[in-house]
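Before any comments, here is the structure.
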Number of protein chains: 2
Amino acid sequence: MQQNLTRDDLRQRLTEGGLKATHQRIVVFESVMELHGHHPTAEDVYQRLKPANPSISLGTVYKTLDTFVETGLIKRALSEGGKRYDANTHTHNHIFCSKTKEIVDFEDAELEQLLKEFFSKRKLDNFEIKGVSVQLTGSKVEPDKQISITRVSK
Amino acid sequence: MQQNLTRDDLRQRLTEGGLKATHQRIVVFESVMELHGHHPTAEDVYQRLKPANPSISLGTVYKTLDTFVETGLIKRALSEGGKRYDANTHTHNHIFCSKTKEIVDFEDAELEQLLKEFFSKRKLDNFEIKGVSVQLTGSKVEPDKQISITRVSK
DNA sequence: GTGTCTGCAAATGTTTTGCACATTG
DNA sequence: CAATGTGCAAAACATTTGCAGACAC
């Protein structure tokens, strides 16, 4: 998990992707990383970076996030409703809390292995599988200690 | 799979859910069932029923679909982008085609069993699991023989 | 310097809301 | 007829677009 990239690492990844390393792209990327585990919307990312970067526009955040997805720097997260993004680009699973509407990462090597084996045997006709992920749904049972920063979509 | 409900069965299910069996609800439900496998948006459902029911408004379709989800008659399908609905309320898995943006159902009893066993052992702290589903991503390799009726979200 | 990127503001698209009227049970 | 549901049109919200000026390389 590439959690703590320096700005120079970041510049390099942008350049490798054929993108100019602009200030806006750097702070958008950093914000998505900081919001890791929150699967933020464009608006969330914008709110996060606005205090320190008041001149950046929401439109730019939208464009930048799309660009990052196209370049593979981040992924889109599945959700009910609005578009969400995920800084974690390696294979992992999500838990959806039906109570708080949070999307939480869930990693389990054993599960990964199990699925890998299963799908190495189980081929689908007319479909080439690129990725497998498991979505759990359920409810948190512990008191919520974490501030949910993402809007709840009804 | 409750594919071919009669209108009377439908009335009964609505009534059981505490809902009045209005004409609008009946045709919305029928449309969602007919669009089974397409995971339609509200707009898709509206377009489907409009020719035969020109007096029904899009707003009603939105409200009706939400009501159905609350009552458990249908589910929301995870997606990138707009809200989608799914007439198939029993546990099943989805395949996302990155090429056509289609969402296709995928059922496999063996996989179901494997996951059930896995999660009967693997308990999560502070989370009560209610459902498990697998999302595959990939691309169709066969020529597309099927008309996609749902809008592609970029 | 040149091609790409950004900010802005407008356009477009999607979903929700409020309320007078219609319909169901 | 009482309660609930619908249609309509406006409002709210979310996302995209076009273009002139700014910036990275």
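First the proteins, then the strands, lettered A, B, ... as listed; each starts at 1.
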Handout entry: N or O in side chain of Tyr62(B) less than 4.0 angstrom from dT15(C) OP1/OP2
Key = yes

Exercise for the section: Ignoring hydrogens and angles, answer whether the base of dG13(C) and the side-chain atoms of Lys83(A) contain a donor-acceptor pair closer than 3.5 Å. Expected result: no

Exercise for the section: Check whether the side chains of Thr41(A) and Lys83(A) place a donor and an acceptor atom closer than 3.5 Å, and report yes or no. Expected result: no

Practice task
Nearest whole angstrom, please: distance from the C1' of dG7(C) to the NE2 of His23(A).
Solution key: 14 Å

Handout entry: Separation of dG13(C) P from Tyr46(B) OH (nearest whole Å)
Key = 16 Å

Handout entry: Neighbour count above 12 (heavy atom, 6.0 Å) for Glu110(B) CD
Key = no

Exercise for the section: Name the nucleic acid region contacted by Ala21(B), choosing base, sugar-phosphate or nothing; use a 4.0 angstrom heavy-atom cut-off, strictly under. Expected result: sugar-phosphate

Practice task
Tell me what Thr22(A) touches on the nucleic acid: a base, only sugar-phosphate, or nothing, going by heavy atoms under 4.0 Å.
Solution key: sugar-phosphate

Completion exercise
From CG of Leu14(A) across to P of dC5(C) the rounded distance in Å is 10 Å

Problem - Between dT16(D) (C1') and Glu80(B) (CD): distance, integer Å - result: 17 Å

Problem - Residue met sooner reading DNA chain C from 5', once Arg11(B) and Ser55(A) are mapped to nucleotides - result: Ser55(A)

Practice task
With DNA chain D as reference, determine whether Lys63(B) or Lys20(B) sits nearer its 5' end, using the nearest nucleotide of each.
Solution key: Lys20(B)

Practice task
Grab the CD1-P distance between Ile56(B) and dA22(C) for me, whole Å please.
Solution key: 17 Å

Exercise for the section: Scan side-chain atoms only and decide if His92(A) and His94(A) contain a donor-acceptor pair under the 3.5 Å cut-off. Expected result: yes

Practice task
Pick base, sugar-phosphate or nothing for Thr15(B), based on heavy-atom distances below 4.0 Å to the nucleic acid.
Solution key: nothing

Fill in the blank from the handout: To the nearest angstrom, the CG-P distance between Asp66(B) and dT15(C) comes to 10 Å

Problem - Interatomic distance, Tyr85(B) OH vs dT15(C) C1' [rounded to whole Å] - result: 9 Å

Problem - Side-chain N or O of Gln24(A) closer than 4.0 Å to phosphate OP1/OP2 of dG7(C) - result: yes

Exercise for the section: For side-chain contact (heavy atoms from CB on, under 4.5 Å), just list the numbers for Phe106(A) and Val134(A), CA-CA rounded to whole Å, side-chain angles, deciding distance to a tenth of an Å, and then say yes or no. Expected result: CA-CA 9 Å; Phe106(A) 164 57; Val134(A) 175; 5.8 Å; no

Exercise for the section: Would you indicate what Thr67(B) reaches in the nucleic acid, counting non-hydrogen atoms under 4.0 angstrom: base, sugar-phosphate, or nothing? Expected result: nothing

Problem - Ile26(B) CD1 - dT23(C) P separation (whole Å) - result: 14 Å

Fill in the blank from the handout: By nearest-nucleotide position on DNA chain C, the 5'-leaning member of Leu19(A) and Leu58(B) is Leu19(A)

Problem - Where His38(A) and Arg84(A) come nearest, the two heavy atoms and their spacing - result: O-NH1, 3.9 Å

Practice task
Output yes when at least one side-chain N/O atom of Ser57(B) is less than 4.0 Å from OP1 or OP2 of dG7(D), else no.
Solution key: yes

